[in-house]
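Below is one structure; the comments refer to it alone.
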Amino acid sequence: MIIALARPVTNEKINNSETSLTPIIIAIDVSKSMKAVDLFPNRLEFAKQKLLNILDNSKTEAIGVILFAKSSFLLSPVTEDFNSLKILIKNLDTGINFDNGTNIYSTLETTNKLLKNYSNKNLLLLTDGGDKENFDEEINFANKNDIKIYTLALATSNGSAIKEENGNYLTTKDGKIVNVKLNSKIKDLSLKTDGGYIEYSLDNKDIEQILDDINSKSNKEKFEERKYKTYTELFYYPLTIAIFLLLIAFSSMPTLKRTKLPIFILFFSFNFTNSQLIASSIFDFKTIKEANKAYENQDYNKALKEFEKLDSNEFRDYNLANSLYKENKFKEAIDIYKNIKTSSNDLEFKKLHNLGNAYAKNSDFQNAVDSYEKALKLKNDSTTKENLQLVKKLLDNKKDDNKNQNKQDEQKNNKENQKQEENKEDSSPKDENKTKKQNQKNLKNEQLEQKEEISNFEEEKWLKELENQKTNSMLKKMESSKEDSISNPW
């Protein structure tokens, strides 16, 4: 049986496997006209979603992505790794202000560079067409370099206004609202380069038609050659011998009458003395499973109760503290985080990071800073660094607010003292004491209310800054020999 488990093999062979795909460059128009709202929520966001749908529907394609306005920007070279490409697209900040204009010539130059080693050059434009009337230069360049241009038109013939970041609509110099329509001239660019043109649809039919057309006109390119080994398994020969010997052993058992009782006693004690331990481990496993399931379903109250049923250990305590944190019980979470002792650097880092979050939520910014700094000594983590910088800002703002508050308190006290001195002559001693006590009471109440407002404000500000932190995809600006001559602001 041991030999069978070792899996002996023979006839080792090395086989080659090649992957053949169709290379495509997808270019997204990021000019200001793509902020028009005739497509929901706007043309640019609609284009991003179309690109993600293309990745989901692509089976025999390798894809690269560029962005273009007045210049072209490389987001990703040609790749088969669609999972990483999806992350780049989802992290793409569409709020970036790119140069005004729609320079398709620059896009063609970039496509020619990216596909210079391939016999098939396919470019898919996701655009509203810009406002250029003549594409002769682009058509000549594409035909000269054998680039087939496909266009997915993302605009309506009626057009729409362009909504800016401040909520206002883009206007011309004389105050008229700009209305940007689909530029139908872009159709010539595709049809005269042996490509294809199609207007958007709300389903994926437009995508399917474009991909089918590209694959029918293009030959597959060899992208990757993989080597793998094959063997002839021999494990069943020793396994057959082992089973045969086992049958012989069982067939001789009736002659061992004297050993029957001891064997039975050993079997009985083994099965029943350990039954409690087995049941206990199964129960713990079920509890852990229920707790993890409740945590994933965001039922943190149930997860909290399930984790409390388990015996205390570093992992149980960590999960219990996380559940308390999610239930906004920050003080209880802090107490448990602080008492977790572990030899695992990874768990220690996570504990310190979450402890910093809990302190920050509890408005204890100094301890939050200390926890983040300790965590960074164990692991150089970008998220922890960002949290540390934010909390440091909040701590500085809090110190400034406390200084301003002290100044305000001193000014109020001085005013109250002046009023008391002015009214001293007209007030009886009893009335004066009552007035002092009442003023002090009112002042304390005002201070408490103001401190509470500052604390809530700082917490809300901290949370918003954390939510807005987004690691944007890196873009490389590509050089072009042609500049866009259009000078309008969209």
Worksheet item: Can we say D56 and K86 salt-bridge, meaning some charged N sits less than 4.0 Å from an Asp/Glu carboxylate O?
Response: yes

Worksheet item: For the side chain of S371 and the backbone of L352, is there at least one donor-acceptor N/O pair under 3.5 Å apart?
Response: no

Worksheet entry | Flag if over 12 foreign heavy atoms under 6.0 Å of CZ, F40 | no

Practice prompt. For D188 and F135, indicate whether the former's side chain and the latter's backbone hold a donor-acceptor pair under 3.5 Å.
Written response: no

Worksheet item: Under 3.5 Å, is there a donor-acceptor pair linking the side chains of K121 and N112?
Response: yes

Item to complete: Could you walk me through whether Y105 and F141 pass the ring-ring contact (aromatic ring centres under 6.0 Å, His included) test, one step at a time?
Response: CA-CA 8 Å; Y105 195 94; F141 183 90; 5.1 Å; yes

Worksheet item: Any donor-acceptor pair under 3.5 Å linking the side chain of N204 with the backbone of I207?
Response: no

Fill in: Presence of salt bridge, K50 and D206, under 4.0 angstrom
yes

Worksheet item: Can you tell me if S190 and T151 form a side-chain donor-acceptor pair at under 3.5 Å?
Response: yes

Worksheet item: Under 3.5 Å, is there a donor-acceptor pair linking the side chains of N215 and E61?
Response: yes

Worksheet item: Is the shortest heavy-atom distance from the side chain of L125 to the side chain of L152 under 4.5 Å?
Response: no

Worksheet entry | Side chain proximity check, I28 to T127, heavy atoms < 4.5 angstrom | no

Worksheet entry | Pair N219-S119, side-chain donor/acceptor within less than 3.5 Å | no

Discussion item. Is it the case that over 12 heavy atoms from other parts of the model lie below 6.0 angstrom from the NZ atom of K185?
Written reply: no

Worksheet item: Going by distance alone, is a donor N or O of one side chain under 3.5 Å from an acceptor N or O of the other, for N322 and N354?
Response: yes

Worksheet item: If you take all heavy atoms of N183 and G130, which pair is closest and at what distance?
Response: CB-O, 3.2 Å

Fill in: Side-chain heavy-atom pair Q209, D212 within 4.5 angstrom cut-off
no

Worksheet item: Any donor and acceptor pair, going by atom type alone, linking the side chain of N42 with main-chain N or O of K35 inside 3.5 Å?
Response: no

Item to complete: Look at atom OH of Y231 and say whether more than 12 heavy atoms of other residues, nucleotides or ligands are closer to it than 6.0 Å.
Response: yes

Worksheet entry | Note, D38 side chain near L182 side chain (heavy atom, < 4.5 Å) | no

Practice prompt. Indicate whether the side chain of D29 and that of S31 have a donor and an acceptor atom separated by less than 3.5 Å.
Written response: yes

Worksheet entry | Heavy-atom side-chain proximity of N345 to K379 below 4.5 angstrom | no

Discussion item. Can you tell whether the side chains of D128 and R43 come within less than 4.0 Å, N to carboxylate O?
Written reply: yes

Worksheet item: Going by heavy atoms in the side chains, are I104 and F68 under 4.5 Å from each other?
Response: yes

Worksheet entry | Carboxylate-amine/guanidinium proximity below 4.0 Å for K351 and E348 | yes

Worksheet item: Below 4.5 Å, heavy atoms only, C-beta onward: do T193 and N143 meet side chain to side chain?
Response: yes

Worksheet entry | Between Y200 and F46, ring centroids under 6.0 Å | yes

Worksheet item: Under 4.5 Å between any side-chain heavy atoms of N387 and H353, yes or no?
Response: yes

Worksheet item: With respect to K392, which candidate in L394, L395, L388 satisfies the side-chain contact (heavy atoms from CB on, under 4.5 Å) definition?
Response: L388

Practice prompt. Applying side chain to side chain contact (heavy atoms under 4.5 Å, CB included), run through I63 and S58 and close with a yes or a no.
Written response: CA-CA 9 Å; I63 293 175; S58 296; 3.6 Å; yes

Worksheet item: Hey, is CG on L191 packed in by over 12 heavy atoms from elsewhere, all under 6.0 Å?
Response: yes

Item to complete: Indicate whether any N or O donor in one side chain lies under 3.5 Å from an N or O acceptor in the other, for D364 and N362.
Response: no

Worksheet item: Between the side chains of T384 and D381, is a donor N or O closer than 3.5 angstrom to an acceptor N or O?
Response: yes

Worksheet item: Going by atom types alone, do N357 and Y372 pair a side-chain donor with an acceptor below 3.5 Å?
Response: yes

Item to complete: Measure centre to centre between the rings of Y325 and F330, then say whether the value is under 6.0 Å.
Response: yes

Worksheet entry | Main-chain N/O of N11 paired with T232 side-chain donor or acceptor, under 3.5 Å | no

Worksheet item: Distance only, no hydrogens: is a donor on one side chain within 3.5 Å (strictly under) of an acceptor on the other, for T156 and N158?
Response: no

Worksheet item: Does a donor on one side chain and an acceptor on the other come within less than 3.5 Å for D346 and S344?
Response: no

Worksheet item: Above 12 or not: heavy atoms from other molecules or residues under 6.0 Å from NZ of K350?
Response: no

Worksheet item: Does the distance from a Lys or Arg side-chain N to an Asp or Glu carboxylate O, for K217 and D213, drop under 4.0 Å?
Response: yes

Worksheet entry | Minimum heavy-atom distance A321-A333, with the two atoms named | O-CB, 3.6 Å

